[in-house]
Amino acid sequence: VMPPGSPAFFSLESVAAFVPEGCVVLQTASCEVLDQLKAQNKHTEVTEEEARQVVAERMYNRSLPLFRRMIEQGQVRVT
């Protein structure tokens, strides 16, 4: 997952500023997060869906205000 302050977040914020009615689909690789979750939950099976949810939450928490609003309005999908 992109670190806070990553230039990609500023690019996403520009999308939100200039195409506020648009929709965004972000394709991610949740394998790093999946490995982290498996290490934390040694006795519990962790699914890829749970890892994708963690990725989406981290992206929301690190997003800038306009892009965050797009997420809240359902204009962003994380796959």
- Task: Please list all pairs passing the side chain to side chain donor-acceptor pair (under 3.5 Å) test where one or both residues lie in residues 65-79, with sequence neighbours left out.
- Result: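 Side chain to side chain donor-acceptor pair (under 3.5 Å) check on residues 65-79 returns Tyr60-Glu72.
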- Task: State, yes or no, whether a side-chain contact exists between Glu50 and Val54 at a heavy-atom distance under 4.5 Å.
- Result: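 They are not in side-chain contact.
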- Message: Does any part of the side chain of Phe67, heavy atoms only, come nearer than 4.5 Å to the side chain of Val76, both counted from C-beta?
- Response: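 Counting from C-beta outward, Val76 and Phe67 do come under 4.5 Å.
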- Message: I'd like to know if Leu26 and Val33 are part of one continuous hydrophobic network [Ile/Leu/Val/Met/Phe/Trp/Tyr, side-chain heavy atoms within less than 4.5 Å].
- Response: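 Yes.
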- Task: Consider only side-chain heavy atoms of I, L, V, M, F, W and Y, link residues closer than 4.5 Å, and tell whether Ile71 and Leu64 are in one cluster.
- Result: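 In one cluster with Ile71: Leu64, no.
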- Message: Which residues end up grouped with Phe18 if you chain together Ile, Leu, Val, Met, Phe, Trp and Tyr wherever their side-chain heavy atoms are less than 4.5 Å apart?
- Response: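 Val19, listed by chain and number.
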- Query: What's the shortest heavy-atom distance between Ala51 and Leu37, and which atoms?
  - Reply: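 What the structure gives for the nearest pair is CA-CD1, 3.8 Å.
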- Message: Would you compute the distance between atom CG of Leu12 and atom CG of Leu66 and round it to the nearest 0.5 angstrom?
- Response: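 Reported to 0.5 Å precision, the distance equals 11.5 Å.
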- Query: Which distance, rounded to the nearest 0.5 Å, do you find between the CD of Glu48 and the CD of Gln53?
  - Reply: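 Here the interatomic distance stands at 14.5 Å.
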- Got a sec, which residues hit side chain to side chain donor-acceptor pair (under 3.5 Å) with Glu49, two or more places apart in sequence or on another chain?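 Once residues adjacent in sequence are excluded, the partners of Glu49 under the side chain to side chain donor-acceptor pair (under 3.5 Å) criterion are Arg52.
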- Message: Test your reading of the model: is there a side-chain donor-acceptor pair from Ser6 to the backbone of Met2, 3.5 Å cut-off?
- Response: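 No, Ser6 side chain to Met2 backbone: no donor-acceptor pair under 3.5 Å.
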